[in-house]
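What follows is a short report on a single structure.
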Amino acid sequence: MSTRIAFLKGHGTENDFVIVPDPENAIDLPPAAVAALCDRRAGIGGDGLLHVVRSAAHPEAEAMAAEAEWFMDYRNGDGSVAEMCGNGVRVFARYLQRAGHVTEGDLAVATRGGVKTVHIAKDGDVTVGMGRAVLPEGDVTVSVGERSWPARNVNMGNPHAVAFVDDLSHAGDLLSPPPFSPPAAYPDGVNVEFVADRGPGHVALRVHERGSGETRSCGTGACAVAVAAARRDGADPTATGAPATYTVDVPGGTLVITERPDGEIEMTGPAVIVAEGEIDADWLGTATSA
């Protein structure tokens with residue numbers, strides 16, 4: 001490892017990430033290192049980390065290399081591995097564009113949730129093909145204090161529990177994961193979205209992301225919310241034959257989610273690179289061993 005490691009900082013609707021370019025997968029990033037980098041007081045700070053690796057160089061992605069040159073090795077802020085991050089894919093694509101690896105137009109990005117199609121528009125917005133939602137059977141309940149709500153179980157490559165509430169303040173401080181039942185519904189934990197209506201085809205959410213706490217935005221969560229809202233509203237595109245589009249306000253901005261009649265879901269929103277620099281490898285080694 002060199003004595004200094006390049007990094008960038010970016011965000012998508014204020015869901016922010018440390019970006020570590022590492023095309024040949026040569027940098028060791030154990031969970032403690034990721035957590036140190038994402039620490040907002042002692043590190044760079046971020047909801048998660050985007051490890052940018054060529055698919056052919058990563059054992060988890062080499063089977064996808066023929067479809068997608070680049071693999072988003074995504075980590076949560078606590079260092080744990082995650083299957084997917086919708087805002088992260090947009091920021092990942094913006095980094096590839098900035099670095100000259102891709103241009104405006106279409107590209108494919110490998111993730112642990114499969115290969116995602118991405119379109120970088122001239123106006124700066126990035127659209128991600130998020131795949132199809134899976135709606136597991138069974139009732140789920142989430143709770144905050146004395147309140148509890150039925151929740152829709154939606155899997156977007158990662159698990160979500162979507163609860164519709166009268167007021168987003170009912171979600172509480174979201175400092176700790178909201179309890180859910182039954183425990184078997186989410187054996188590896190869950191992202192919990194609390195959703196309030198803002199008008200026809202328009203909702204707002206707050207989210208507790210598994211491994212990160214409350215974040216300013218969650219792309220897969222916004223998709224899960226749109227899917228749950230469409231079923232609640234009788235607008236399931238697979239049943240009506242018409243696409244369903246929802247504007248989803250998140251604390252950090254706005255995302256537009258469209259589910260097509262074939263079940264494919266598209267998410268459109270901004271992606272911004274705000275800084276770049278170097279990580280001191282000696283500091284990182286010390287922080288990791290502390």
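Residue numbers start at 1 and run along the sequence shown. Keep in mind that this is a model prediction, so the values were computed, not measured.
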(message) Can you tell me how far apart CD (E278) and CD1 (I5) are? Round to the nearest 0.5 Å.
(response) 10.0 Å
(request) Verify side-chain contact (heavy atoms from CB on, under 4.5 Å) between V140 and Y186, making sure each step is shown before the conclusion. (result) CA-CA 10 Å; V140 176; Y186 304 107; 3.7 Å; yes
(request) Measure the shortest side-chain to side-chain distance between V52 and P23 over non-hydrogen atoms and say whether it is less than 4.5 angstrom. (result) no
(message) Let me check something: do V190 and V207 share a hydrophobic cluster, defined by ILVMFWY side-chain heavy atoms less than 4.5 Å apart, either directly or through other members?
(response) no
(request) Report yes if some heavy atom in the side chain of D106 is under 4.5 Å from a heavy atom in the side chain of H119; otherwise report no. (result) yes
(message) Between M72 and L50, is there a side-chain heavy-atom distance shorter than 4.5 Å?
(response) yes
(message) Within this structure, what is the CE-OG1 distance for the pair M84 and T220, rounded to the nearest 0.5 Å?
(response) 6.0 Å
(message) Looking at S80 and N76, would you say the former's side chain and the latter's main chain have a donor-acceptor pair under 3.5 Å?
(response) no
(message) Rounded at 0.5 Å granularity, tell me how far OH in Y74 sits from CZ in F17.
(response) 5.0 Å
(request) Work out which heavy atom in M267 is nearest to a heavy atom in L255; give both atom names and the distance. (result) SD-CD1, 4.3 Å
(message) For a quick test of reading the model, state the closest non-hydrogen atom pair linking I27 to V20 and the distance between them.
(response) CD1-CG1, 3.9 Å
(request) List the atom of R216, the atom of P251, and the distance in Å for their closest heavy-atom pair. (result) NH2-O, 2.9 Å
(request) Kindly work out whether a path of hydrophobic side-chain contacts (I/L/V/M/F/W/Y, heavy atoms less than 4.5 Å apart) joins V53 to Y95. (result) no
(message) Using the rule that Ile, Leu, Val, Met, Phe, Trp and Tyr join whenever any side-chain heavy atoms are under 4.5 Å apart, tell me whether I19 and V126 fall into a single cluster.
(response) yes
(request) Give a yes or no on whether the backbone of G86 and the side-chain of K116 come within a donor-acceptor separation of less than 3.5 Å. (result) no
(message) Using the rule given for side-chain contact (heavy atoms from CB on, under 4.5 Å), can you reason through D125 versus T127, listing the C-alpha separation, both sets of side-chain angles and the distance that settles it, and then say yes or no?
(response) CA-CA 7 Å; D125 276 353; T127 297; 5.7 Å; no
(message) Less than 4.5 Å apart, side chain to side chain, heavy atoms only: is that true for P159 and R210?
(response) yes
(message) Using the rule that Ile, Leu, Val, Met, Phe, Trp and Tyr join whenever any side-chain heavy atoms are under 4.5 Å apart, tell me whether I257 and F164 fall into a single cluster.
(response) yes
(request) Verify, without hydrogens or angle tests, whether R206 (side chain) and L174 (backbone) share a donor-acceptor contact under 3.5 angstrom. (result) no
(message) Quick check: closest heavy atoms across A68 and A108, and the distance to 0.1 Å?
(response) CB-O, 3.7 Å
(message) Strictly distance-based, threshold 3.5 Å: is any side-chain N or O of R90 a donor or acceptor partner for the main-chain N or O of G269?
(response) yes
(message) Testing the basics here: between A222 and L205, what is the closest heavy-atom pair and its distance to 0.1 Å?
(response) CA-CD2, 4.0 Å
(message) Assess whether a salt bridge exists between R132 and E264, defined as any Lys/Arg side-chain N lying under 4.0 Å from an Asp/Glu carboxylate O.
(response) yes
(message) Between R40 and D47, does any NZ, NE, NH1 or NH2 come within less than 4.0 Å of an OD or OE carboxylate oxygen?
(response) yes
(message) With a 4.5 Å cut-off on side-chain heavy atoms, are F7 and L37 touching?
(response) no
(message) So R54 and E69, do their side chains get closer than 4.5 Å, heavy atoms only?
(response) yes
(request) Verify the neighbour count for atom CG of D139: are there more than 12 heavy atoms of other residues, nucleotides or ligands below 6.0 Å? (result) no
(message) Under the criterion side-chain contact (heavy atoms from CB on, under 4.5 Å), I'd like the reasoning laid out for F194 against V144: C-alpha separation, chi angles, the key distance, then a yes or no.
(response) CA-CA 11 Å; F194 296 90; V144 175; 3.6 Å; yes
(request) Give the intermediate values and the outcome of side chain to side chain donor-acceptor pair (under 3.5 Å) for residues Y246 and D233. (result) CA-CA 11 Å; Y246 282 81; D233 296 342; 2.7 Å; yes
(request) State the CD-CG distance between Q97 and L107, to the nearest 0.5 angstrom. (result) 9.5 Å
(message) Quick one, C218 with H160, criterion side-chain contact (heavy atoms from CB on, under 4.5 Å). Give me CA distance, side-chain angles, the key distance, then yes/no.
(response) CA-CA 11 Å; C218 177; H160 296 269; 4.1 Å; yes
(request) May I ask you to test the L135-R231 pair for a side-chain heavy-atom distance under 4.5 Å? (result) yes
(request) Give me the ring orientation class for H51 and H58: parallel if the planes are under 30° apart, tilted from 30 to 60°, perpendicular past 60°. (result) perpendicular
(request) Nearest 0.5 Å please: distance from the CD1 atom of I120 over to the CD atom of E104. (result) 8.0 Å
(request) Report the distance from atom OG1 of T215 to atom CD of E14, rounding to the nearest 0.5 Å. (result) 11.0 Å
(request) Might you point out which heavy atoms bring C85 and N15 nearest each other, and give the distance in Å? (result) SG-OD1, 4.2 Å
(message) Just so I know, are the side chains of P243 and P261 near enough to count as touching, which here means a heavy-atom distance under 4.5 Å?
(response) yes
(message) Can you tell whether the side chains of R232 and D197 come within less than 4.0 Å, N to carboxylate O?
(response) yes
(message) Could you see if V162 belongs to whatever hydrophobic cluster contains V192? Use Ile, Leu, Val, Met, Phe, Trp, Tyr and a side-chain cutoff under 4.5 Å.
(response) no
(message) Is it true that, when you exclude D166 itself, more than 12 heavy atoms of the residues, nucleotides or ligands shown sit nearer than 6.0 Å to its CG?
(response) no
